[in-house]
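No experiment lies behind these values; they were computed from the predicted model shown.
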Amino acid sequence: MSTAVTNGHQASSEDFAKHVFGAHERGHAELVEEDTKMCGKILTVLSWVIVVLTMPFSLFVCFKVVQEYERAVIFRLGRLLSGGAKGPGIFFILPCIDAYARVDLRTRTYDIPPQEVLTKDSVTVSVDAVVYYRVSNATVSIANVENAHHSTRLLAQTTLRNIMGQRPLHEILSERESISQHMKALLDEATDSWGINVERVEIKDVRLPIQLQRAMAAEAEAAREARAKVIAAEGEQKASRALREASEVIGDSPAALQLRYLQTLNTISSEKNSTIVFPLPIDILSYFIKCKGVDIRSPF
């Protein structure tokens, strides 16, 4: 019982101490903040006095101009000035206490250098791509990250390697558009907190090793030769069927053979030939041979 009372007393003492010290720390922080605000006001007044005393020369220092595609992020005594980024056009700064950073809002192009990637099916390929991005929030791009452009470029390289390493070779070669869309979504989500908007990602080229290129070329050539042989065999089969049907038609109608002979003569005469091949009907020869007592149809 005494132990429980002692533990409860210690807990209550610790809570009381935390409450007292916490209140003391909060009070000290409030005092420091009030002193900082007071110093800031004094420095601001002194800066205005300097501007007034040095006019009109101070106007060349106080007035700045940013272009249509630029924004100016102003820091006063190390803190972001309320109102967000300034521009485009003319804006005013106080000397000695204001500092500003220019941010370009135009779309930038980053050519990702070739990345050596091991695909899902253990094939080494070299892949390069192009990333189009721009700054969508100038204040966030300055305040949240040290160098938004450098960070975006490094992230684009690592994202490209990670995506390519999760896919087999045939998907990398045939599904470039879907890979680009997936990579754009990942980059846009990651760079949103940096004030960067990724507009487009394009896979430029996929380079294969020389040995793999030769193997794929040999495979494609063998496949084409196999298809050519199959097509030739199918053509011969269809031609033989057509010849058989034609012979049946000619056998049923003797006049068809004479018509075919006349067509052949017409074809030969159109080429301006002086020699004409005249086929002698076998029936005439068989008649003369029978007269001599020899049957041409017998092999002996």
Side-chain angles (χ1 to χ4, degrees), residues 68-73 80 84-85 101-231:
E68 180 68 28
Y69 53 84
E70 293 179 331
R71 297 294 183 271
V73 181
L80 280 171
R102 292 176 181 265
V103 180
D104 195 336
L105 301 183
R106 291 177 294 182
T107 299
R108 295 198 176 193
T109 303
Y110 175 55
D111 189 0
I112 301 178
Q115 304 292 313
E116 295 291 336
V117 181
L118 184 65
T119 62
K120 190 175 181 180
D121 49 357
S122 301
V123 178
T124 302
V125 295
S126 179
V127 186
D128 56 350
V130 181
V131 178
Y132 300 89
Y133 69 95
R134 64 180 181 85
V135 178
S136 59
N137 192 326
T139 304
V140 173
S141 66
I142 294 297
N144 288 7
V145 63
E146 180 181 0
N147 192 333
H149 301 289
H150 184 63
S151 301
T152 303
R153 293 170 181 176
L154 290 180
L155 182 62
Q157 295 181 15
T158 56
T159 304
L160 178 63
R161 287 197 297 268
N162 293 336
I163 291 178
M164 293 301 177
Q166 296 174 0
R167 293 175 178 265
L169 179 61
H170 67 90
E171 290 186 5
I172 294 176
L173 296 176
S174 61
E175 299 181 4
R176 294 189 181 184
E177 186 175 356
S178 62
I179 293 174
S180 300
Q181 294 295 331
H182 187 204
M183 184 175 174
K184 175 186 177 301
L186 293 178
L187 286 176
D188 202 12
E189 181 180 0
T191 58
D192 186 53
S193 60
W194 300 343
I196 299 293
N197 179 27
V198 179
E199 296 180 344
R200 190 178 183 88
V201 177
E202 291 292 339
I203 304 297
K204 287 179 58 178
D205 190 16
V206 179
R207 301 184 185 90
L208 303 177
I210 301 299
Q211 297 81 0
L212 183 59
Q213 292 181 12
R214 293 175 180 173
M216 294 179 66
E219 181 183 359
E221 184 178 359
R224 286 194 296 269
E225 289 181 357
R227 288 196 299 269
K229 291 180 179 179
V230 171
I231 293 173

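Counting only heavy atoms from C-beta outward, the side chains of R200 and S180 never approach each other to under 4.5 Å. Side-chain contact check for L186 versus I163: some heavy-atom pair is nearer than 4.5 Å. Between M164 and V125 there is no side-chain heavy-atom pair separated by less than 4.5 Å. Contact annotation: the side chain of T152 approaches that of W194 to within less than 4.5 Å [non-hydrogen atoms, C-beta and beyond]. When side chains are defined from C-beta on, N197 counts as touching D188, because their heavy atoms get closer than 4.5 Å. Two residues are said to be in side-chain contact when any heavy atoms from C-beta on lie closer than 4.5 Å; R153 and Y133 meet this criterion. Within the 4.5 Å cutoff, no side-chain heavy atoms of I196 are placed close to those of V145. The closest side-chain heavy-atom distance from R108 to V135 is not below 4.5 Å.
Contact between N147 and H150 at its shortest, heavy atoms only, is OD1-N, 3.2 Å. Here the shortest heavy-atom pairing between M183 and V131 reads CE-CG2, 4.5 Å. Scanning all heavy atoms of the two residues, the minimum distance from A143 to L80 falls at CB-CD1, 4.1 Å. Scanning all heavy atoms of the two residues, the minimum distance from E199 to K184 falls at O-CE, 3.0 Å. Nearest approach of V73 to A85, heavy atoms of both residues: CG2-CB, 4.2 Å.
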- Message: Does E175 form a side chain to side chain contact (heavy atoms under 4.5 Å, CB included) with H182? I'd like the steps, not just the answer.
- Response: CA-CA 11 Å; E175 299 181 4; H182 187 204; over 6 Å; no
Q: Given side chain to side chain contact (heavy atoms under 4.5 Å, CB included), test L169 with L208 step by step and report yes or no.
A: CA-CA 10 Å; L169 179 61; L208 303 177; 3.7 Å; yes
| request: Could you go through the side chain to side chain contact (heavy atoms under 4.5 Å, CB included) check for I112 and V127 one step at a time? | output: CA-CA 9 Å; I112 301 178; V127 186; over 6 Å; no
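Using a distance-only test at 3.5 Å, with no hydrogens or angles considered, a donor-acceptor pair links the side chain of N144 to the main chain of S193. A donor-acceptor pair is defined here as one N or O able to donate and one able to accept, closer than 3.5 Å; such a pair exists between the side chain of S136 and the backbone of G195. At distances below 3.5 Å, at least one donor-acceptor pair connects side-chain atoms of T158 with backbone N or O atoms of L154. Between the side chain of D121 and the main chain of P168, no donor-acceptor pair closer than 3.5 Å is present. A side-chain donor-acceptor contact under 3.5 Å links R71 to the backbone of E68. Under a 3.5 Å cut-off, the side chain of S141 and the backbone N or O of A138 do form a donor-acceptor pair.
Both the sub-6.0 Å distance and the 45° axial angle are satisfied by R106 relative to the ring of Y69.
Looking at E171 and K120, no side-chain N of the basic residue comes within less than 4.0 Å of a carboxylate O on the acidic one, giving no salt bridge.
Atom CG in L160 sits 5.5 Å away from atom CD1 in I203 (nearest 0.5 Å). Distance check, rounded to the nearest 0.5 Å: CZ of R176 to CG of D205 gives 6.0 Å. Rounded to the nearest 0.5 Å, atoms OG1 (T159) and CD (E189) are 11.0 Å apart. Put simply, CZ on R102 and CD on E70 are 5.0 Å apart, with the number rounded to the nearest 0.5 Å.
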